[in-house]
A.B. asks: 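Once you've had a glance at the structure underneath, I'll fire off some questions.
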Amino acid sequence: MAPSSVVVTIDKTSNISLVEVDDSETSVFLEKQKPASRKQFSWLLLLKAQRFLSFFPWLTMGFSKIFVSVKKRIALSDSVKDEVKYKERIMYRFIRAFLAISVVALIVEVFAYFQNWDLNFIPNEAMGLMHLSYMGWISFRAEYIAPSITMLSQFCVLLFLIQSLDRFILGIGFFWIKFKKIKPMIDIDDQSYDIEDPATFPMVLVQIPMCNEREVYQQSIAAACQLDWPKDRILIQVLDDSSDELLQILIRNEVNSWQEKGVNIIYRHRFVRTGYKAGNLHSAMSCDYVKNYEFVAILDADFQPNPDFLKLTVPHFKGKPDLGLVQARWSFVNKDENLLTRLQNINLCFHFEVEQQVNGHFLNFFGFNGTAGVWRIKALEESGGWLERTTVEDMDIAVRAHLNGWKFIYLNDVRVLCELPESYEAYKKQQHRWHSGPMQLFRLCLPAILSSKISKWKKANLIFLFFLLRKMILPFYSFTLFCVILPLTMFIPEAELPIWVICYVPVTMSILNILPSPKSFPFLMPYLLFENTMSVTKFNAMISGLFQLGSAYEWVVTKKTGRSSESDLLAFAERESKSFSEEKIQRRLSESGLEMLGKLKEQETPVIEKKKNKIYRRELALAFLLLTAAARSLLSAHGIHFYFLLFQGLSFLVVGLDLIGEQVN
């Protein structure tokens with residue numbers, strides 16, 4: 001017994017407890033509370049049981065509401081159309097077959113688990129036929145299947161680590177630029193033109209390509225017409241490819257109203273819409289008056305630059321005859337609209353803050369974003385102009401200009417407002433085009449890259465980093481590793497993936513991606529799961545572009561909502577145009593003016609086609625596949641694997657039921 005301890009013994013211990021005190025100078029007696037009576041204890045248990053049981057009705061009600069919503073969504077979906085569409089997809093058939101095999105394998109594994117089949121026993125005649133067959137399957141998969149899956153998984157892990165290293169290096173470059181406060185500077189020594197003297201301003205052509213952009217055409221034209229640039233040194237081209245005749249008239253009259261206010265703006269419409277956006281831009285650049293202009297600014301229909309956009313971008317060309325492009329950053333007015341737009345904002349913030357900025361500073365090359373940029377017309381002409389061979393005409397012209405020795409500048413502090421797709425349908429179509437086009441371009445540009453006169457380092461950067469690593473390897477390993485190999489290893493545990501591959505590295509890479517938008521840190525895990533979910537669409541698009549499948553040449557205009565019209569500038573332009581609308585229509589349309597006026601009034605209040613959320617069978621099939629694999633992982637007590645597969649499967653389920661993004665009642 002310790003020398004500093006005091007022991008006190010009491011005969012009646014009903015109210016006093018025995019205490020040992022490790023202090024030689026103090027003796028403490030603590031009163032012992034009387035134990036609760038049996039009646040009180042019973043009431044306490046009943047109260048806790050009542051609270052526990054009250055949770056079940058709430059849970060049941062929640063699940064019933066979700067089930068009713070899902071049932072209604074499935075009933076309202078265009079199942080026949082979707083079925084025809086997806087039956088043509090090889091990937092969907094592959095996933096469906098994989099799911100069927102997984103379900104059968106899960107049933108066999110559950111049966112073996114509850115039968116307590118010991119796999120360490122040597123086969124003997126006492127075993128049943130099913131037991132022997134199961135042990136034969138175990139031996140076969142361990143000897144023949146597991147090694148090939150292990151090799152494929154190791155290859156994907158290697159690609160994963162290479163891509164992670166690339167992201168890490170980009171992150172270092174980003175922090176270096178931030179630490180040194182590096183940004184492109186204007187050459188103040190060059191006196192080719194004086195920014196204070198309007199007569200010396202260069203001639204600038206502003207192009208606004210659009211196609212059936214009913215929601216945003218007014219605000220985009222208004223923003224372009226209010227650019228702060230001398231009126232005699234700027235020309236705005238509205239390049240309308242709309243198929244709606246009444247919408248063409250509305251856009252034409254909008255242009256005419258700005259012409260009356262003294263703006264140098266013209267309207268162009270092609271009767272033969274070939275080549276999509278590239279064909280539209282190529283047709284506009286073929287006009288005779290284009291030779292009078294030195295620069296061309298391209299603004300898509302939903303982009304609204306600030307009035308000082310040209311004054312912040314064009315001066316960077318001063319004293320830099322080899323500079324071909326000045327690219328501004330996109331800024332999103334609806335980034336907080338829903339979960340889908342928040343996750344898109346994370347991706348695009350990393351693209352602009354890190355990829356574009358780092359490549360622009362250290363390499364003077366990056367992919368043109370297709371809008372919010374100013375080109376030197378000479379650079380466009382020497383690089384072959386706009387070509388219609390791919391669906392990524394912006395990346396095409398950027399690569400060809402780079403091969404011809406032109407340099408690019410990226411301005412991270414010059415931002416142009418635009419909007420993000422708010423529905424999963426629009427976002428999915430956009431991502432399909434963005435990931436199939438680069439693979440088309442890679443096939444077409446590879447011979448030109450190899451035979452060009454640029455340095456070997458630039459050739460290697462173009463081939464291995466710009467195209468292969470960031471455009472092909474990323475969707476390949478992401479889909480293969482997390483959507484195919486990982487669930488497969490649950491049924492072939494001999495090829496199990498290590499925990500750091502499915503947990504630590506993806507989370508670390510997601511943290512690096514989210515650093516440019518620190519306010520999005522609460523969405524770290526949804527972002528990680530959603531990126532893996534989108535890998536299916538990106539992988540399918542990459543394969544389509546690489547092997548010239550039919551869907552690689554699909555061009556669907558991203559649907560706009562016109563939310564950016566909430567800005568004060570565009571609201572003012574809308575009020576100005578509406579005040580003169582009826583008067584200008586009657587004045588311009590001679591004999592048929594009254595008839596056309598009636599049509600336009602009908603157009604202002606159109607019958608809105610009912611929108612509805614869709615069902616995406618490919619994502620749903622993958623959801624059930626991953627959830628099946630999660631159930632199998634329970635038998636092997638794989639903690640991390642189970643939770644990853646469970647939440648990833650639920651993520652696919654949410655996307656497959658179109659519960660992310662815009663919801664239509």
Side-chain angles (χ1 to χ4, degrees), residues 177 182-208 223-224 227-237 264 281 284-285 287 289-300 303 305-330 352 356-386 394-395 397-416 454:
I177 291 173
I182 300 172
K183 63 179 182 178
M185 303 299 294
I186 298 174
D187 186 1
I188 59 176
D189 296 330
D190 187 270
Q191 301 298 325
S192 56
Y193 63 90
D194 184 4
I195 199 68
E196 301 297 333
D197 183 9
T200 63
F201 277 46
M203 299 288 286
V204 177
L205 181 67
V206 179
Q207 295 179 330
I208 311 176
L227 289 171
D228 186 9
W229 203 256
K231 293 182 179 179
D232 59 338
R233 315 294 291 178
I234 186 174
L235 173 64
I236 301 172
Q237 286 181 317
N264 193 12
L281 293 172
M285 293 298 293
C287 297
Y289 54 79
V290 172
K291 63 184 179 183
N292 299 324
Y293 293 85
E294 187 177 357
F295 304 106
V296 56
I298 301 174
L299 300 167
D300 280 355
F303 280 71
N306 292 327
D308 60 353
F309 172 73
L310 292 178
K311 287 189 173 180
L312 293 175
T313 54
V314 175
H316 283 275
F317 289 97
K318 292 174 60 176
K320 302 170 185 173
D322 58 346
L323 181 61
L325 168 67
V326 175
Q327 172 72 59
R329 179 177 174 171
W330 299 0
F352 286 107
Q356 298 292 75
Q357 192 170 205
V358 171
N359 290 327
H361 175 70
F362 292 103
L363 301 176
N364 293 121
F365 167 72
F366 47 82
F368 174 45
N369 292 118
T371 180
V374 181
W375 276 93
R376 190 189 296 272
I377 293 181
K378 183 181 178 181
L380 290 176
E381 293 174 345
E382 290 187 357
S383 303
W386 300 103
D394 44 8
M395 185 182 295
I397 188 63
V399 171
R400 285 184 283 117
H402 181 58
L403 295 179
N404 280 275
W406 292 99
K407 295 182 179 180
F408 304 162
I409 282 180
Y410 172 74
L411 303 178
N412 192 58
D413 54 348
V414 180
R415 306 193 176 201
V416 180
I454 61 175

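Computed from a predicted structure; not experimentally measured. One-based numbering along the sequence shown.
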A.B. asks: Taking side chain to side chain contact (heavy atoms under 4.5 Å, CB included) as the definition, give me every residue that meets it alongside Asn292, ordered by chain and number, with sequence neighbours left out.
C.D. replies: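 Once residues adjacent in sequence are excluded, the partners of Asn292 under the side chain to side chain contact (heavy atoms under 4.5 Å, CB included) criterion are Tyr289.
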
A.B. asks: Can you find a heavy atom in the side chain of Phe365 that is under 4.5 Å from one in the side chain of Asn359?
C.D. replies: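 Not touching, per the 4.5 Å side-chain cut-off.
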
A.B. asks: With sequence neighbours excluded, what pairs up with Asn404 under the side chain to side chain contact (heavy atoms under 4.5 Å, CB included) test?
C.D. replies: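 Asn404: side chain to side chain contact (heavy atoms under 4.5 Å, CB included) contacts with Ser383, Trp406.
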
A.B. asks: Only counting residues at least two apart or in another chain, list the ones meeting salt bridge (charged side-chain N to carboxylate O under 4.0 Å, His left out) with Arg329.
C.D. replies: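 Testing Arg329 for salt bridge (charged side-chain N to carboxylate O under 4.0 Å, His left out), a comparison that skips the adjacent residues, returns Glu353.
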
A.B. asks: Could you tell me if the side chain of Val204 sits less than 4.5 Å from the side chain of Val296, heavy atoms only?
C.D. replies: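 No, every pair of side-chain atoms sits at 4.5 Å or beyond.
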
A.B. asks: Compare all side-chain heavy atoms of Val326 with those of Phe317 and state whether any distance is below 4.5 angstrom.
C.D. replies: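 Yes; the side chains approach each other to less than 4.5 Å.
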
A.B. asks: Listed by chain and number, what are the salt bridge (charged side-chain N to carboxylate O under 4.0 Å, His left out) partners of Asp300, not counting sequence neighbours?
C.D. replies: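 Applying salt bridge (charged side-chain N to carboxylate O under 4.0 Å, His left out) to Asp300 gives Lys277.
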
A.B. asks: Taking side chain to side chain contact (heavy atoms under 4.5 Å, CB included) as the definition, give me every residue that meets it alongside Ile177, ordered by chain and number, with sequence neighbours left out.
C.D. replies: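 Testing Ile177 for side chain to side chain contact (heavy atoms under 4.5 Å, CB included), a comparison that skips the adjacent residues, returns Ile182, Gln357, Val358, His361, Phe362.
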
A.B. asks: Please name all residues satisfying side chain to side chain donor-acceptor pair (under 3.5 Å) with Asp228, sequence neighbours left out, ordered by chain then number.
C.D. replies: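 Side chain to side chain donor-acceptor pair (under 3.5 Å) check on Asp228 returns Lys311.
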
A.B. asks: Quick one: which residue pairs count as a side-chain hydrogen bond (donor to acceptor under 3.5 Å, both in side chains) with a foot in residues 365-380, not counting sequence neighbours?
C.D. replies: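 Output for this query lists His351-Asn369, Gln356-Asn369.
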
A.B. asks: Of all residues at least two apart in sequence or in a different chain, which pass the ring-ring contact (aromatic ring centres under 6.0 Å, His included) check with Trp330?
C.D. replies: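 Applying ring-ring contact (aromatic ring centres under 6.0 Å, His included) to Trp330 gives Phe303, Phe352.
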
A.B. asks: Suppose we screen for side chain to side chain contact (heavy atoms under 4.5 Å, CB included). Which residues come up paired with Pro184, at least two apart in sequence or across chains?
C.D. replies: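 For Pro184, the residues satisfying side chain to side chain contact (heavy atoms under 4.5 Å, CB included) (neighbours in sequence not counted) are His316, Ile409, Leu411.
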
A.B. asks: Asn364: which residues meet the side chain to side chain donor-acceptor pair (under 3.5 Å) condition with it, sequence neighbours left out?
C.D. replies: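 Checked Asn364 against side chain to side chain donor-acceptor pair (under 3.5 Å); zero matches.
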
A.B. asks: Under the rule for side chain to side chain donor-acceptor pair (under 3.5 Å), what residues qualify as partners of Arg400, not counting sequence neighbours?
C.D. replies: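 Here the qualifying residues are Asp396.
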
A.B. asks: Would the distance check show the side chain of Gln327 and the main-chain N or O of Phe408 forming a donor-acceptor pair, the cut-off being under 3.5 Å?
C.D. replies: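 Checked: no pair found.
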
A.B. asks: With Gln207, which residues qualify under side chain to side chain donor-acceptor pair (under 3.5 Å), at least two apart?
C.D. replies: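 Residues passing side chain to side chain donor-acceptor pair (under 3.5 Å) with Gln207: Gln237.
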
